[in-house]
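Read the numbers this way: they start at 1 and go in the same order the structure lists the ligands and their atoms. Remember, predicted model here, so these are calculated numbers, not experimental data.
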Amino acid sequence: MGYYTWQAQESHCVICSRSLTGRQERYCSNACRQAHKRQAALTNDAALGKRTCDFCERSFWPESKRQRFCSPVCADGKRSQAEDARWDAVCQLDGCEDNAGWDGTGRARRYCSRAHQQKAYRLRKKAEGTA
Ligand SMILES: [Zn+2]
Ligand SMILES: [Zn+2]
Ligand SMILES: [Zn+2]
(Lines give C-alpha, C1' and ligand atoms only; values in the text may rest on other atoms or scores of the structure.)
(Ligands and ions follow the chains in the order given, each with its own letter.)
Protein backbone atom coordinates (compact mmCIF):
# COMPACT_ATOMS: atom_id res chain seq x y z
CA MET A 1 0.00 0.00 0.00
CA GLY A 2 1.97 2.95 1.40
CA TYR A 3 3.98 3.43 -1.77
CA TYR A 4 1.04 4.56 -3.80
CA THR A 5 -0.73 6.94 -1.45
CA TRP A 6 0.13 9.87 -3.72
CA GLN A 7 -2.36 8.44 -6.19
CA ALA A 8 -5.15 9.02 -3.73
CA GLN A 9 -4.47 12.75 -3.96
CA GLU A 10 -4.96 12.75 -7.69
CA SER A 11 -5.58 16.34 -8.71
CA HIS A 12 -7.49 17.88 -11.52
CA CYS A 13 -6.99 20.90 -13.69
CA VAL A 14 -8.88 23.82 -12.12
CA ILE A 15 -10.18 24.80 -15.55
CA CYS A 16 -11.13 21.69 -17.50
CA SER A 17 -11.01 19.09 -14.70
CA ARG A 18 -8.77 16.76 -16.65
CA SER A 19 -6.61 14.79 -14.24
CA LEU A 20 -3.12 16.13 -13.82
CA THR A 21 0.03 14.14 -14.32
CA GLY A 22 3.63 14.43 -13.21
CA ARG A 23 4.58 17.91 -12.04
CA GLN A 24 1.44 19.71 -13.13
CA GLU A 25 -0.08 21.32 -10.10
CA ARG A 26 -3.15 23.23 -11.10
CA TYR A 27 -3.41 23.27 -14.86
CA CYS A 28 -3.19 20.51 -17.45
CA SER A 29 -1.87 22.89 -20.09
CA ASN A 30 -0.67 26.37 -20.81
CA ALA A 31 -4.01 27.17 -22.40
CA CYS A 32 -5.77 26.37 -19.13
CA ARG A 33 -3.27 28.47 -17.19
CA GLN A 34 -4.04 31.43 -19.46
CA ALA A 35 -7.75 30.83 -19.17
CA HIS A 36 -7.50 30.89 -15.40
CA LYS A 37 -5.57 34.15 -15.50
CA ARG A 38 -8.30 35.73 -17.62
CA GLN A 39 -10.94 34.46 -15.21
CA ALA A 40 -9.03 35.91 -12.27
CA ALA A 41 -8.84 39.26 -14.05
CA LEU A 42 -12.60 39.27 -14.55
CA THR A 43 -13.20 38.48 -10.91
CA ASN A 44 -10.89 41.33 -10.04
CA ASP A 45 -13.02 43.72 -12.05
CA ALA A 46 -16.14 42.59 -10.27
CA ALA A 47 -14.32 43.20 -7.00
CA LEU A 48 -14.21 46.88 -7.95
CA GLY A 49 -17.78 46.91 -6.84
CA LYS A 50 -20.56 49.35 -7.50
CA ARG A 51 -19.86 52.97 -6.99
CA THR A 52 -21.91 56.07 -6.49
CA CYS A 53 -21.60 58.74 -9.14
CA ASP A 54 -19.96 61.87 -7.76
CA PHE A 55 -22.50 64.00 -9.53
CA CYS A 56 -25.96 62.39 -9.86
CA GLU A 57 -25.43 59.91 -6.98
CA ARG A 58 -26.76 57.00 -8.99
CA SER A 59 -24.84 53.78 -8.43
CA PHE A 60 -22.95 52.35 -11.38
CA TRP A 61 -20.35 49.73 -12.28
CA PRO A 62 -17.03 51.45 -12.85
CA GLU A 63 -14.97 50.37 -15.85
CA SER A 64 -11.77 51.36 -14.12
CA LYS A 65 -10.55 52.03 -10.62
CA ARG A 66 -10.49 55.76 -11.22
CA GLN A 67 -13.91 56.23 -12.70
CA ARG A 68 -15.94 58.59 -10.52
CA PHE A 69 -18.92 59.35 -12.70
CA CYS A 70 -21.58 57.10 -14.20
CA SER A 71 -21.33 58.88 -17.55
CA PRO A 72 -19.36 61.57 -19.40
CA VAL A 73 -22.40 63.81 -19.01
CA CYS A 74 -22.01 63.67 -15.23
CA ALA A 75 -18.27 64.28 -15.46
CA ASP A 76 -19.04 67.41 -17.49
CA GLY A 77 -21.76 68.41 -15.05
CA LYS A 78 -19.37 68.19 -12.14
CA ARG A 79 -16.76 70.19 -14.00
CA SER A 80 -19.11 73.03 -14.77
CA GLN A 81 -20.47 72.95 -11.24
CA ALA A 82 -16.94 73.38 -9.91
CA GLU A 83 -16.47 76.19 -12.40
CA ASP A 84 -19.65 77.90 -11.27
CA ALA A 85 -18.40 77.70 -7.72
CA ARG A 86 -15.28 79.54 -8.80
CA TRP A 87 -17.25 82.23 -10.60
CA ASP A 88 -19.41 82.63 -7.50
CA ALA A 89 -16.55 82.68 -5.01
CA VAL A 90 -16.76 85.53 -2.56
CA CYS A 91 -13.85 87.45 -1.09
CA GLN A 92 -12.55 85.68 1.98
CA LEU A 93 -11.74 88.82 3.88
CA ASP A 94 -14.03 89.16 6.89
CA GLY A 95 -16.81 91.57 6.18
CA CYS A 96 -16.30 91.74 2.42
CA GLU A 97 -19.04 90.23 0.29
CA ASP A 98 -17.57 91.11 -3.08
CA ASN A 99 -17.11 88.50 -5.74
CA ALA A 100 -13.53 87.30 -5.84
CA GLY A 101 -13.49 87.85 -9.59
CA TRP A 102 -12.20 84.67 -11.11
CA ASP A 103 -10.89 85.19 -14.65
CA GLY A 104 -11.96 81.77 -15.96
CA THR A 105 -8.66 79.95 -15.81
CA GLY A 106 -6.70 78.17 -13.14
CA ARG A 107 -7.44 78.21 -9.45
CA ALA A 108 -10.24 80.11 -7.82
CA ARG A 109 -9.41 83.59 -6.56
CA ARG A 110 -9.77 84.10 -2.86
CA TYR A 111 -10.00 87.87 -2.57
CA CYS A 112 -11.77 90.54 -4.55
CA SER A 113 -8.69 92.69 -4.78
CA ARG A 114 -4.98 92.87 -4.04
CA ALA A 115 -5.73 95.28 -1.24
CA HIS A 116 -8.01 92.76 0.47
CA GLN A 117 -5.53 89.96 -0.13
CA GLN A 118 -2.85 91.99 1.63
CA LYS A 119 -5.18 93.06 4.37
CA ALA A 120 -6.15 89.43 5.02
CA TYR A 121 -2.48 88.49 5.00
CA ARG A 122 -1.64 91.20 7.58
CA LEU A 123 -4.57 90.14 9.76
CA ARG A 124 -3.40 86.56 9.63
CA LYS A 125 0.15 87.54 10.57
CA LYS A 126 -1.16 89.64 13.43
CA ALA A 127 -3.29 86.75 14.66
CA GLU A 128 -0.29 84.45 14.52
CA GLY A 129 1.80 86.99 16.38
CA THR A 130 -0.62 87.20 19.27
CA ALA A 131 -1.18 83.44 19.40
ZN1 LIG B 1 -7.10 21.97 -18.28
ZN1 LIG C 1 -24.01 60.26 -12.76
ZN1 LIG D 1 -12.83 91.90 -0.61
Quick one: the SG of Cys96, the Zn ion (ligand 3), SG of Cys112 angle, rounded to 10°, please.
110°
Between the Zn ion (ligand 3) and His116, which N, O or S atom of the residue is the nearest one?
ND1
Output field for angle at the Zn ion (ligand 2), Cys74.SG vs Cys56.SG, rounded to 10°, should show 110°
Should Cys112 and Cys96 be marked as a side-chain contact (heavy atoms from CB on, under 4.5 Å) after you check the CA-CA gap, both sets of side-chain angles, and the distance that decides it?
CA-CA 8 Å; Cys112 65; Cys96 178; 3.8 Å; yes
I'd like to know whether NZ of Lys78 has more than 12 heavy-atom contacts from other residues, nucleotides or ligands below 6.0 angstrom.
yes
Find the distance between CZ (Arg68) and OG1 (Thr52) and round it off to the nearest 0.5 Å.
12.5 Å
How large, to 10°, is the angle at the Zn ion (ligand 1) when you draw lines to SG on Cys16 and to SG on Cys28?
100°
Just wondering, more than 12 heavy atoms not from Asp94 lying within 6.0 Å of its CG?
no
